[in-house]
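Protein chains get the first letters and strands the later ones, always in sequence-line order, with residue 1 at the start of each.
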There are 4 protein chains.
Amino acid sequence: MAKTTCNKSRWVRRKEARPQELLASALALFIEQGYASTRLEDIARRAGVSKPTMYLYFKSKEELFKAVVRGRVVPVIAEIETLLAGFEGDSAELMRRVIMLRWVHAGAKKDAGLIRVITAEANNFPELATVYRAEVIGRDMRLIAKVLDRGIARHEFRQVDLALATEVLTSAMLMLTMWNSAVQPLGHLVDDPVMFLEALVDLMLGGLLPR
Amino acid sequence: MAKTTCNKSRWVRRKEARPQELLASALALFIEQGYASTRLEDIARRAGVSKPTMYLYFKSKEELFKAVVRGRVVPVIAEIETLLAGFEGDSAELMRRVIMLRWVHAGAKKDAGLIRVITAEANNFPELATVYRAEVIGRDMRLIAKVLDRGIARHEFRQVDLALATEVLTSAMLMLTMWNSAVQPLGHLVDDPVMFLEALVDLMLGGLLPR
Amino acid sequence: MAKTTCNKSRWVRRKEARPQELLASALALFIEQGYASTRLEDIARRAGVSKPTMYLYFKSKEELFKAVVRGRVVPVIAEIETLLAGFEGDSAELMRRVIMLRWVHAGAKKDAGLIRVITAEANNFPELATVYRAEVIGRDMRLIAKVLDRGIARHEFRQVDLALATEVLTSAMLMLTMWNSAVQPLGHLVDDPVMFLEALVDLMLGGLLPR
Amino acid sequence: MAKTTCNKSRWVRRKEARPQELLASALALFIEQGYASTRLEDIARRAGVSKPTMYLYFKSKEELFKAVVRGRVVPVIAEIETLLAGFEGDSAELMRRVIMLRWVHAGAKKDAGLIRVITAEANNFPELATVYRAEVIGRDMRLIAKVLDRGIARHEFRQVDLALATEVLTSAMLMLTMWNSAVQPLGHLVDDPVMFLEALVDLMLGGLLPR
DNA sequence: AATGAATGAGTATTCATTCAT
DNA sequence: CATGAATGAATACTCATTCAT
């Protein structure tokens, strides 16, 4: 059903695809240039439509931005959550896998750069920031928290403060995401994301102190 | 005697102070609203001058922005570096102190939010991003790297990869800075910065695994 | 039937006509007030459109000016050239006719005042001046030169220096044009253009010296 | 008296020289760039003073311009007039001399380009144009008219219309002046001013028709 | 549904002009 | 007298948004 849309014609398919094309175009440009610096006209052109067409689907530039953000809110890490629901094995390994998966499925993708835009526009779009914080980042954190919780419960991890440890881990991951998406000019804060993440996990698990 | 400059006329002359006032005003507004959304007029008003006055000191909005960023480049953590040059004692303690100092002296200040703006505008102002990466963030990283290096040399730390460990630690710190400056609407990613940093240090040093 | 385009709404669409209307408006105002003193807004208003509309057709005030000038370059005296191609009769008469025709068809028209603007802005728009000199004035001169050449070849004129004689004749004609277009305030340098031209021809042909 | 100004000091001399320096600077720049495009600041700099200084001597940019023009009104051709008052000899020769003198003493000088500016700004500064027309050009014309009158009276010239012949001759001369001052980009309408003038005189006197 | 054409409300920037010293 | 500092009033240009087709 739903997804089977036996498109009567290419034209009809277009009609239904338009919003998605616009959202994708907007997302890409917002990430590249920021919200304020991105011209509606460029978004339209990139989506292969004319400027006024956007107004058929979104009430304003602001609404378009909101739609872009909300579009990211839902689907991101749902899969990861299920994937790991049934995991057996030690929590250190689980942690490693979760973090890597989350990177591959989300952080590494170009779209992840949206977090940069939202952070930048936090004061101009408070509600957006709030929603994003709650739905996207919050979900990330819950993911991490679960793993930590499991590790502690199973005495595989020290009894650290759950909330704080979650924050620390998430911070490093998010920073990687932001930086990685900030394209060329910032120069890699991080040489190789995967190695960075491995080091993160290693340090988080084993600490600096010799044992 | 006499001429006790009681200037209360239409305007006041303060050649010396003006640039600093303008830079401060611009910095505050850029952090609050981002580069593109900040109107020159607002910067001027906040600095207590009229719009054209800025052009007496800066050639354009862009130059003003660059000056703002360059102004941050030099002084930030010079003090910390000296402070710690003569430190005696174990490296774990040193790490704790460095991170806390850096927070108090730099990250906690409102100005630190500039990193958000630069990250956001990285593609629009590549040179700026490069400079900032090299001069400001780079210095941060060198600071951390020194501590790690010392710890490893003295066998107080495990023999981790220096570069990667530095990246991990710095990332978490920078994320804290960005988030903390993103004011209200993003909601605290981090409840209490100091506790966050303590947790960071604790985890970094001791790891999650029980010993 | 039906849709008899009775557009009386906030604005009207006339893609085809607009550029010409704008050019005409700009030409008139440039001639009246000069390039620098003419405000884009006035040009727009006079053309019955809003300011931004001009940017739909011309990239900048400068481009608009260039277009105005280039628009004059082509068509001016083409007709005269053909008209006179087949002329039979003595060269004195031909000279008289050419000069009068050129006046009626070009110099007497309001548009001719453009030469004043171009002369005034010669240093600010060198390329324009060059083009105008070559294409418009140059054509005028070639016209005159042909007549002179013919007269000399047929021994109807003295064997004067062709180039110089052309310059002299053209100068007087152009001055008439400039002055005539400079409207009221300069006071007529010339009382009656036609009489002026007749005197010019008469003097040029017969000279002052009695024979 | 008057002109002997035994300047007490260099400083005092300065004070008296200032207006002249400003006028000269303004004249040069107005000729080069036109009235509207010339910035007060540039005029001041070229005169070696600061912007506000001009306001000590002239009420506004407009007044400065007027002063520039009025300054030209008086002295220009006074000398020529006297020089020729006592001329003996035939009028053809007189005509030649007058025109050449007038060129050397006035038209050839850079300042003569002012006529271009005034022509350009005729509509914006009507009074100026009127004054200039009457005082400067008018004097030129009277000069020519005298010569013509003399020639006709002495039966050395044909009995042409005095006013019209004057206009024709003056036009060519003025055009030469305007063009010559319009610097490089217009390309010489006239290859060599002196040869141009010789041709002018020759044609005016002898005409094109063979005798 | 889609768009070419048009515009209102800005925004950075310039420049003649004026204070206060 | 002279000027560094400051500004009000413009002006070119941009951009999100809307109309009419």
Notebook entry, point to check: What's the closest nucleotide to the Val49(B) side chain, out of dT7(F), dC15(E), dA12(F)?
Noted result: dT7(F)
Notebook entry, point to check: Is a donor-acceptor pair below 3.5 Å formed from side chain Lys51(B) to base dT7(F), judging by atom type as modelled?
Noted result: no
Check: How many Å lie between OH on Tyr35(A) and C1' on dC15(F), as a whole number?
Finding: 12 Å
Next item on the list: Using atom NZ of Lys59(A) as one end and atom P of dT17(F) as the other, report the distance to the nearest whole Å.
Entry: 11 Å
Margin query: Please pick, from dT13(E), dT3(F), dT18(F), the nucleotide with the shortest atom-to-atom distance to any side-chain atom of Pro52(A).
Written below: dT18(F)
Check: Which one, dT17(E), dG4(E), dC1(F), comes nearest to the side chain of Tyr57(D)?
Finding: dC1(F)
Check: Between dA12(E) atom P and Phe65(B) atom CZ, what is the distance in whole Å?
Finding: 14 Å
Notebook entry, point to check: Given dA2(E), dT18(E), dC1(F), which nucleotide is nearest the side-chain atoms of Tyr55(D)?
Noted result: dT18(E)
Check: Closest to the Lys61(D) side chain: dT7(F), dC13(F), dT17(E)?
Finding: dT17(E)
Check: Rounded to the nearest Å, what distance is computed from the CZ atom of residue Phe58(A) to the P atom of nucleotide dA16(F)?
Finding: 16 Å
Checklist line | Under 3.5 Å on both distances, the Watson-Crick or G-U partner of dT14(F) | finding: dA9(E)
Notebook entry, point to check: Taking a pair as Watson-Crick or G-U wobble with both distances under 3.5 Å, which nucleotide is matched to dA20(F)?
Noted result: dT3(E)
Notebook entry, point to check: Between dT14(E), dG8(E), dC13(F), which nucleotide gets closest to the side-chain atoms of Ser50(C)?
Noted result: dG8(E)
Check: Side chain of Arg39(A): nearest nucleotide among dT3(F), dA16(F), dT7(E)?
Finding: dA16(F)
Next item on the list: Please state how far atom CD in Glu41(A) lies from atom P in dG4(E), giving the value in whole angstrom units.
Entry: 11 Å
Next item on the list: Could you pull out the closest heavy-atom pair between Gly113(B) and Ser181(B), with the gap in Å?
Entry: CA-OG, 3.1 Å
Checklist line | Nearest-nucleotide 5' precedence on DNA chain F, Met54(B) against Glu62(C) | finding: Met54(B)
Check: Starting at CD of Glu63(D) and ending at P of dA16(E), how long is that distance when rounded to a whole Å?
Finding: 15 Å
Margin query: If we check side-chain hydrogen bond (donor to acceptor under 3.5 Å, both in side chains) with Glu121(A), which of these qualifies: Asn124(A), Asn123(A), Thr119(A)?
Written below: Asn124(A)
Next item on the list: Measure across Met54(B) and Leu64(B) and return the closest heavy-atom pair with its distance rounded to 0.1 Å.
Entry: SD-CD2, 3.3 Å
Check: Base, sugar-phosphate alone, or nothing: which one does Ser37(D) contact when heavy atoms must sit under 4.0 Å apart?
Finding: nothing
Item checked: Leu22(C) CG - dA6(E) C1' separation (whole Å) -> 12 Å
Margin query: Between Phe58(A) and Lys66(A), is there a side-chain heavy-atom distance shorter than 4.5 Å?
Written below: no
Margin query: If you compare every side-chain N and O of Thr53(C) against the phosphate oxygens of dA6(E) (OP1, OP2), does one of them come in below 4.0 Å?
Written below: no
Note to self: Distance check needed: dT14(E) C1' versus Leu40(B) CG, whole Å only.
What the structure shows: 13 Å
Check: Are side-chain heavy atoms of Leu128(B) and Ile118(B) found at a separation under 4.5 Å?
Finding: no
Check: Between atom CG of Leu114(A) and atom CG of Asp111(A), what is the distance when rounded to the nearest 0.5 Å?
Finding: 8.0 Å
